[in-house]
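Working notes, beginning with the structure itself.
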Amino acid sequence: MVDQTPPFAAPAVPRPLLGLALDRLRRGIVPGLALTGAIAGCAYGVRLAPGLGVASPLVIAIVIGMVFHNVVGTPAAASPGVKFALRRVLRFAVVLLGLQLTVAQVRTVGLVGFGIVAATLACTFFLTRWLGRLMGVEARLAELIAAGTAVCGASAVIATNTVTRGSDEDVAYAVACVTVFGSLSMLLMPTLLPWTGLDAHAYGLWTGASIHEVAQVVAAAFQGGQAAGEFGTVAKLSRVMLLAPLVLGLGAVALWKARGGSAAGQARPPVPWFVFGFVAMVMVNSAGLVPADLKATLVTLTTFLLAVALAAMGLETDIGKLRRKGLRPLALGAAAWLFISVFSFILIAAFANG
């Protein structure tokens with residue numbers, strides 16, 4: 001009798017792991033990354049309009065994202081990718097930001113110049129937080145406004161928020177504050193220059209020590225001439241370098257509070273490990289290990305990735321919640337702006353002019 005039992009069927013070949021991973025990627029973060037990337041691309045396109053060339057693509061990206069979210073609505077399918085951009089893409093961009101700095105640049109500012117930059121940053125940050133308490137501004141929002149004013153605008157706000165952990169509306173409000181008042185400095189400082197008595201070196205230092213965004217510093221500093229523009233840019237970059245100790249310090253304080261069992265620290269605060277990557281990139285750039293052509297590409301990529309992160313922030317921001325925060329945070333931003341402008345001017349006039 002012939003055995004009619006069918007031969008054993010070969011086991012089904014499992015789908016390749018790479019294919020599964022790509023499928024999960026497509027279903028997970030790709031829609032959100034595509035949306036945030038498209039918004040970032042639109043932000044660069046908007047900058048081509050007359051009069052908007054000096055506007056930061058980061059700020060334009062968050063505005064477009066907010067309009068899209070509040071008018072059209074962020075698709076549910078995009079949510080995982082938007083959150084990925086807010087966390088992973090942001091941290092990677094901050095690490096790459098280190099490639100725009102070198103230790104040699106800080107040295108050219110000089111001991112006095114760097115001391116003025118550092119003193120201005122520290123006093124502005126702590127005074128703004130203190131004023132925030134006096135004015136009844138929520139502590140997280142006050143800290144973000146303080147960081148954005150004291151260090152480097154929108155980039156400092158979103159980097160500091162990895163430790164501060166404010167809401168998306170807090171971040172959006174803080175970004176709006178530093179954009180408005182940084183833009184005012186960009187317009188007013190060149191106008192005031194003839195009456196300040198500052199030479200080109202001192203004027204460049206004033207812009208670099210007090211104006212919020214790098215692009216705003218460049219626009220204002222070069223109105224005082226080539227020497228002022230170059231020194232202002234370097235002074236600003238040395239200020240950006242201080243972002244690392246600020247975020248690490250805030251992270252250490254948050255961790256200390258958590259270990260002390262305070263009510264504010266029951267949830268373990270994140271350790272800003274990406275800041276060590278930022279410092280490492282500064283060292284790599286200082287050693288001259290990155291070819292000039294590649295570095296230029298990475299600088300452009302860094303700004304684009306930050307714009308992607310800010311687009312994601314806009315897509316998570318409810319304008320109604322922003323409105324409910326009222327005008328007190330805006331008044332705090334104005335006070336911080338006036339302080340950093342006047343305080344840095346006094347230090348420069350006293351120690352670095354002529």
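In this chain, residues are counted from 1 in sequence order.
- Leu242 has its side chain within reach of Phe114: a pair of non-hydrogen atoms, C-beta onward, lies under 4.5 Å apart.
- The closest donor-acceptor contact from the side chain of Glu213 to the backbone of Ala154 lies under 3.5 Å.
- In this structure, a donor-acceptor pair under 3.5 Å is absent between the side chains of Thr149 and Trp337.
- Across all non-hydrogen atoms, the minimal contact from Ala174 to Val157 is CB-CG1, 3.8 Å.
- Side-chain heavy atoms closer than 4.5 Å link hydrophobic residues (I, L, V, M, F, W, Y) into clusters, and following such links, even through other members, never connects Leu99 to Val299.
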Dump the intermediate steps for side chain to side chain contact (heavy atoms under 4.5 Å, CB included) on Phe278 and Val247, then the final yes or no.
CA-CA 11 Å; Phe278 171 89; Val247 175; over 6 Å; no
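- The shortest distance between side-chain heavy atoms of Ser79 and Thr74 does not fall below 4.5 Å.
- No donor-acceptor pair closer than 3.5 Å links the side chain of Thr36 to the backbone N or O of Ala312.
- The two residues Ala61 and Ala307 come nearest to each other via the heavy atoms CB-O, 3.4 Å.
- The two residues Ala209 and Ile340 come nearest to each other via the heavy atoms O-CD1, 3.8 Å.
- Note that OG1 of Thr233 is 8.0 Å distant from CD of Glu230, once rounded to the nearest 0.5 Å.
- Of the possible donor and acceptor atoms, none in the side chain of Lys295 sits under 3.5 Å from a partner among the backbone N and O of Leu289.
- With 3.5 Å as the limit, one finds no donor-acceptor pair spanning the side chains of Thr164 and Asn161.
- Scanning all heavy atoms of the two residues, the minimum distance from Pro329 to Cys177 falls at O-SG, 3.8 Å.
- Distance alone, capped at 3.5 Å, is enough to place a donor-acceptor pair between the Asn70 side chain and the Met66 backbone.
- Side-chain atoms of Glu143 do not come within 3.5 Å of backbone N or O of Arg140 as any donor-acceptor pair.
- Ring-plane geometry between Phe339 and Phe343 is classed as parallel, the angle between the planes falling under 30 degrees on a 0 to 90 degree scale with a further cut at 60.
- Looking at Phe125 and Val151, their side chains never come closer than 4.5 Å, going by heavy atoms from C-beta outward.
- One distance of note links CG of Leu332 with CG of Leu327; it measures 12.5 Å at 0.5 Å rounding.
- The nearest pair of heavy atoms linking Thr179 to Val175 is OG1-O, 2.7 Å.
- Residues Met283 and Val103 form a side-chain contact, since some pair of their non-hydrogen atoms from C-beta on lies under 4.5 Å apart.
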